[in-house]
Amino acid sequence: MLTKVNHPFKMQEVQDPVPGPGQVLIRIAASGLCGTDIHIWRGEYRLPLPLVLGHEPVGTIEGLGPGVKSLRNGDRVGVSWTQGGCGRCISCREVEPKYCETAITWVANGGGNADLMLAEATGCTLLPEGLEWTTAAPLLCAGFTVMSGYRNAAPRPGDRVAVLGMGGLGHLALQVAKARGHEVIAVTSTPDKRPELLALGADAVLVGADHVGKALWEQGGVDVILSTSNAMDQNSRALHGLRPEGRFVSMAVGQEPIAVPPTLLLTRQLVVQGSMQNHRRDLVEILDLAATGAVRPRVETYAFDEINTALRRLADRQVRFRAVIEMPRAS
Ligand SMILES: [Zn+2]
Ligand SMILES: [Zn+2]
């Protein structure tokens, strides 16, 4: 439980939650840590405290609230960030609850860094049989995000893809593009990641280029850039590496602008798009890719009582590539 920003998580005994109407009770098996957790922990992303974090939770359903029909006790599920909408605003009525300003999320129901967690049934997605808990957990945020990024790029067969930023998200984006048959260039500022990125399927690794766009262009350019980098100056330069009708998809948070030269935009008819966790089918797609072994998050696992070690490593950018907490009763 986070009680104060920049302080270690506190272990705290609380009463077992009781699922309300439309909710389920989940016995957590594993819970992934995400970069967003660090923003919350540092107070850059302000949320009311105390709060149980954890928005990459997976586990087994152990209780059903009134009215839940689609899920059963014993189901293995993961919970998305957005669990439901108000059902009444224009976004809920016309589009999807992900745009709802009062969407129900883990912030209201409590996160997955706990033995038991409440979630809206509508926020749960069944996991493929046999998919390991620690493999599944990072797919609920990192995996979902990059799968939507890939789909939002409107990829065509034969498209050449560059992935910017080789952390928790980027190493999955690389595997997604590879699994879907693309030639993939991994772009990183960390030279010693090269062997791992080649092992993950990168056809080429571009390390520490001063001007990523020029470097990509000199190598023939790319049709799609999936960017997980929050270095906006790098993202701005990367646009120059796009071929005509190329698509740049940003999945990073940040305050700095991405600079888009209008002439470049016009003469190459580029698309610059933002992407978050989009359709549930994207989540299902990456879960299925992981179940076949085509995509496999590289994780460091920690016991529940080691969560502050994991948090510290994540804050210090030491984690390769995702940290996952394994709960004692995981099986
Ligand atoms: Zn996340
Ligand atoms: Zn709404």
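Counting from 1, the numbers follow the sequence of the chain as shown. Both ligands and their constituent atoms are indexed starting at 1 by order of listing.
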_N, O or S atoms of the protein lying under 2.8 Å from the Zn ion (ligand 2)_ =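 Counting only protein N, O or S atoms under 2.8 Å from the Zn ion (ligand 2), the list reads C86 SG, C89 SG, C92 SG, C100 SG.
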*Nearest 10° is fine: what angle sits at the Zn ion (ligand 1) between NE2 from H55 and SG from C34?*
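It is 110°, given to the nearest 10°.
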*asked:* Can you see whether W217 has R268 sitting over its ring - NZ or CZ less than 6.0 Å from the centre and within 45° of the normal?
replied: yes
*Checking R76 against W133: charged group under 6.0 Å from the ring centre and within 45 degrees of the axis?*
yes
*ring pair (Phe, Tyr, Trp, His ring centres under 6.0 Å) partners for H39, two or more places apart*: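 Here no residue qualifies.
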*Using 30° and 60° as the class limits, which term best fits the ring planes of Y150 and H182: parallel, tilted or perpendicular?*
perpendicular
_Do E196 and H171 pair up side chain to side chain, a donor and an acceptor below 3.5 Å, judged on atom types alone?_
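The answer is no; no qualifying pair exists.
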*Would you confirm whether Q318, through its side chain, and D316, through its main-chain N or O, come within 3.5 Å as a donor-acceptor pair?*
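Yes; judged by distance alone, with no hydrogens or angles, the pair exists.
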